[in-house]
Number of protein chains: 2
Amino acid sequence: MRLPTLTQLRHLVILAETHHFGRAAEAAFVTQSTMSASIKELELTLGQTLIERTKRQVQITPLGAEVVARAKDILNETEDLVALVSAAQGVLTGTLRLGIIPTIGPFLLPRIWPTLHRDYPGLKLELQEDKTARLLVDLSEGKLDAALIAFPYEVDLFKQLVFADDPFLVVLPKKHPLCEKERLTARDLKKENLLFLDHGNCLRDHILSASGFHEGSLSQTMKATSLLTLVQMVDAGFGLTLLPKMAVDAGLLRGTGLQVRPLEAAKSSRRIGLVFRRTNPRTEDFGALAELLRDELGTPLPPSRKSEKS
Amino acid sequence: MRLPTLTQLRHLVILAETHHFGRAAEAAFVTQSTMSASIKELELTLGQTLIERTKRQVQITPLGAEVVARAKDILNETEDLVALVSAAQGVLTGTLRLGIIPTIGPFLLPRIWPTLHRDYPGLKLELQEDKTARLLVDLSEGKLDAALIAFPYEVDLFKQLVFADDPFLVVLPKKHPLCEKERLTARDLKKENLLFLDHGNCLRDHILSASGFHEGSLSQTMKATSLLTLVQMVDAGFGLTLLPKMAVDAGLLRGTGLQVRPLEAAKSSRRIGLVFRRTNPRTEDFGALAELLRDELGTPLPPSRKSEKS
DNA sequence: TACACTAATCGATATTTTCGATTAATGAGT
DNA sequence: ACTCATTAATCGAAAATATCGATTAGTGTA
């Protein structure tokens, strides 16, 4: 099916308004001959006469009037489309499909939400919470635009903007002997029963690394699937754990009698960053988002390392 | 505001379906370079990137997806427009704005309606009932496509298709002396009190002419504005009148005690015809309509006179 | 009859679209 | 590390299309 041109439709609409080829041409910023040819071509493609040409005046046939009405709709919709895209010109406007891992999402998002909403009211976030591995797959498949994940992690396929450092804190019951000390080391934890998240969660690996434990040395009995569960277990006296400061700041320990102590170790923190495909045209957006996150978290960016591996 | 091309939008939609420039090009029956250029041009006019080009695969940005959705709508509407016009291809389809005079309308339309509906289900009549003069003005101004009027009438501006002859019948009370005669002449009516429609109605002029009366010779006291009123007045004994056979056939005298007699006179009938602008492209439609009317009325067309004047 | 007005038409030009061929970038297989 | 295959972008040429200015033909008016 051969379609008419938007230009032809526009010409028809103008002609229907002016009822005069000459003035219609003027209004459309073309010559009368162009207007004439345009209408003629339109009638040819449609196979029907839309305009009744009296020498003195131009009459629209009933069919022509129907076509004019529809043409107006089509033109309006097209203009709306252009307007929509134009409105999405600024940084961080439109839809952004953002992945986020569960050990960051609940603690980071509520913190930045108000600012994000205030500074970029045109932004619509579509959030997806999942493990890092799954997020990166979706990212590479184009189902996500960006993801907020924790480093170190192997992400050479993607660009990354690391914007925060998130130290680990040792969580222990109030009466625990280690509460006496202001600062704890990996050595202090050696003989404790440490509780970890389940396999496949990046935080588990990070904390294992921070605390100097190894897979083999764990008592396999206790594995939680969420930080909240973990906290409940520690509160119930099953052992100790480590939590990212971000989670503690967000009030994860509220209502419990648990204490926290900083950990002195080689890798006593995770880094938080934004990853996205190198080919994604919205780098400016991601820069702005990372900037906002950095400001909001108030933590200075640690000495930059271009690629961190776990 | 510069608008994108429908071709570009179509290419975008296809590309969004295939996620592959080469296959999209194939599906759009163009080369890959054309597809590439088309999308690029579209992005240029919109001022935003809609497609994220990975070397291995093509990703649609969220904004692009929105544009694709709207583009689909626009394309569908345009195709609907074409379909609409195509559907209006046959004779007597679509809207026809038809004027009709009050002394024809109520008697002719109910008669042809079923056939018209059966033979041309795609036809939508927009009827306007008015005096001949008014109809012709609207016709020349393009507010009507055609009009059904009675001849003789001066209509040289328009094309005309006369399709029926409608004789006048003398209407008189059952006990009237003239009922004795099988056929009446103008001479018989000379001394009778004839009742006519009001000024400005073409039937008045036609009947005046048929009955041999002149404006000056009338008793000005009785003037009706509709045929129904006229009949009521005759039934009440105020005098005689003449009615077109068409009206009598349609049952205008039903429920009255009135008789009819044929009139023998030079101009003892009016002719019924269709008029329309010479420039109107739907001559075929009008021919078909006149044909249908002629068949339906069962009256052979009188010897053709190209232009009848009153 | 001459004149003004209007839409169609025509030939020339300008612009746009499309194509085929080539290039550059990337990933896969050896 | 080195092809090879795949894919989108690019480029110049050719084709198609749109536009223009000038002219023509048809109508109504003075």
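Numbered from 1 within each chain, the chains take letters A, B, ... in sequence-line order.
A donor-acceptor contact closer than 3.5 angstrom links the side chains of A/Ser33 and A/Thr31. Between A/Thr103 and A/Arg270, the side chains place a donor N or O and an acceptor N or O closer than 3.5 Å (distance only, hydrogens not considered).
Among C/dT17, D/dA9, D/dA22, the nucleotide with an atom closest to any side-chain atom of B/Phe21 is D/dA9. Minimum atom distance to the side chain of A/Gln32 is reached by C/dA7, of the listed C/dA7, D/dA18, D/dA9. Here C/dG20 is the nucleotide among C/dA7, C/dG20, D/dT10 with the atom lying nearest to any side-chain atom of B/Thr31. You'll find that the side chain of A/His20 is closest to C/dA7, out of D/dA18, C/dC19, C/dA7. Checking C/dT18, D/dT10, C/dA7 against the side-chain heavy atoms of B/Ser36 singles out D/dT10 as nearest. Among C/dA7, D/dA8, D/dA18, the nucleotide with an atom closest to any side-chain atom of A/Thr5 is D/dA18.
In this structure, A/Ala37 and B/Thr7 both approach DNA chain C, and ranking their closest nucleotides by distance from the 5' end singles out A/Ala37. Comparing B/Ser33 and B/Arg23, the nucleotide of DNA chain D nearest to each residue sits closer to the 5' end for B/Arg23. Nearest-nucleotide positions on DNA chain C place A/Thr34 closer to the 5' end than the other of B/Ser38 and A/Thr34.
Between the P atom of C/dT18 and the CD1 atom of B/Ile39 lies a distance of 12 Å, rounded to the nearest Å. Straight-line distance from the CD atom of B/Glu41 to the P atom of C/dT15: 14 Å, rounded to whole Å. The distance between atom CE of B/Met35 and atom P of C/dG20, rounded to the nearest whole Å, is 15 Å. Counting to the nearest Å, the C1' atom of C/dT18 and the CZ atom of B/Arg10 are 13 Å from each other. One can place CZ of B/Arg278 at 10 Å from P of D/dG28, the figure rounded to the nearest angstrom. When the P atom of C/dA7 is taken as reference, atom CD of A/Gln59 falls 12 Å away, rounded to whole Å. Distance, B/Phe29 CZ to D/dA16 P: 18 Å, rounded to whole Å. Look at NE2 on B/His19: it is 12 Å from P on D/dA8, rounded to the nearest Å.
Inter-residue side-chain proximity for B/Tyr120 and B/Leu292 is flagged as met; some heavy-atom pair is nearer than 4.5 Å.
A salt bridge does not link A/Glu66 with B/Lys124: none of the charged nitrogens is closer than 4.0 Å to a carboxylate oxygen.
One finds no side-chain N or O of A/Lys40 lying less than 4.0 angstrom from the OP1 or OP2 phosphate oxygen of C/dA7. Dashed line: the shortest gap from a side-chain N or O of A/Arg53 to OP1 or OP2 of C/dT6 is not under 4.0 Å.
Dense packing is recorded around CZ of A/Arg278, with more than 12 heavy atoms of other residues, nucleotides or ligands lying under 6.0 Å away.
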